[in-house]
Amino acid sequence: MLCSWAALRGLQRFSWRGVATSSCVQAAHGKDVTTPVLDCTQPQYNNRLDTPLPDVPFVRTLNVEQKKLKEKEKGPWTQLTKEEKLALYRLTHELTFAEMKRSSNEWKTVVGGIFFFVGITGIIIWWQRHHVFGDAPHTLSEEWMAMQSKRMIDMRVNPVSGFSSHWDYEKKQWK
């Protein structure tokens, strides 16, 4: 009895505690938070074509080499090499305009997914027609429909504006 009670308490402690709403609320209010929380009151870096100059630089904490490069930036730019200029650009921007405008291959995934689901749907429809639905009823055969049409004409079904109104009873043919 004591062993099963201890096992139950252990399960509650390690598995149920993680999905309980009270622990989620506590985590949302800063207690026992394991994931970093984005502070939306501070300016954020964004790669956007419509705002070419972001509010903050891409790299916020500089290492020793980057600090030396920033000091060298204050001097004449003619003394900087092409690699140093590129490194300075990469400190403030993550992507260039060409890299931001480059198209992705996501459309291939979307089209492939569409074809996949259309194919699965076709297989399901084929399976249903082949194994689930039976043969067509005998009332849909050509002979039966001809007999039914003749019977409706003989009974003069809806002679004013319906089926029999299209039959010429004197010539015995369709009008």
Which heavy atom in I153 sits nearest to a heavy atom in Y169, and how many Å separate them?
-> O-OH, 2.9 Å

Check: R90 side chain, E94 main-chain N or O, donor-acceptor pair, under 3.5 Å = yes

Over 12 foreign heavy atoms within 6.0 Å of CH2, W174 = yes

Does the pair L86 and K82 meet the rule for a side chain to side chain contact (heavy atoms under 4.5 Å, CB included), with working shown?
-> CA-CA 6 Å; L86 185 61; K82 185 177 180 181; 5.7 Å; no

Residues, nucleotides or ligands: over 12 heavy atoms within 6.0 Å of K101 NZ = no

Can you measure from NE2 (H93) to CG (L53) and round to the nearest 0.5 angstrom?
-> 6.0 Å

To the nearest 0.5 Å, how far apart are CZ in F97 and CG in N47?
-> 10.0 Å

For L69 and A87 the tightest heavy-atom approach is CD2-CB, 3.6 Å

Which one of W127, W126, F133 satisfies the ring pair (Phe, Tyr, Trp, His ring centres under 6.0 Å) criterion with H130?
-> W126

In terms of heavy-atom contacts, K72 and E84 come closest through NZ-OE2, 2.9 Å

Inspect the surroundings of CD in E65 and state if more than 12 heavy atoms from other residues, nucleotides or ligands are less than 6.0 Å away.
-> no

Starting at CZ of F115, measure out to CD1 of I120 and round the result to the nearest 0.5 Å.
-> 14.5 Å

Do other residues, nucleotides or ligands put more than 12 heavy atoms under 6.0 Å from the CD atom of E142?
-> no

Mind checking whether L91 and L88 have side chains closer than 4.5 Å, heavy atoms only?
-> yes

Contact check, side chains of F58 and L95, non-hydrogen atoms, under 4.5 Å | no

Donor-acceptor pair, side chain of Y45 and main chain of V59, under 3.5 angstrom = no

Counting heavy atoms not belonging to Q173, are there more than 12 under 6.0 Å from its CD?
-> yes

Taken to the nearest 0.5 Å, the spacing of K70 NZ from T92 OG1 works out to 7.0 Å

More than 12 heavy atoms of other residues, nucleotides or ligands under 6.0 Å from CG of D50: is that the case?
-> yes

Do Q44 and L38 touch side chain to side chain, with heavy atoms closer than 4.5 Å?
-> yes

When rounded to the nearest 0.5 Å, the distance separating CZ of F163 from CE of M155 is 12.0 Å

Roughly how far apart are W144 CH2 and M147 CE, rounded to 0.5 Å?
-> 5.0 Å

Heavy-atom pair with the smallest gap, counting every atom of S164 and P159 = CB-CA, 3.9 Å

In terms of hydrophobic clustering (I, L, V, M, F, W, Y; side-chain heavy atoms under 4.5 Å; direct or indirect links), are F117 and I125 co-clustered?
-> no

Carboxylate-amine/guanidinium proximity below 4.0 Å for E71 and K68 = no

Residue M145 excluded, over 12 heavy atoms near CE under 6.0 Å = no

Give a yes or no on whether I124 and F116 share a hydrophobic cluster (residues Ile, Leu, Val, Met, Phe, Trp, Tyr; joining criterion: side-chain heavy atoms under 4.5 Å apart).
-> yes

Mind listing the closest non-hydrogen atom pair of N46 and P54 along with its distance?
-> O-CB, 4.1 Å

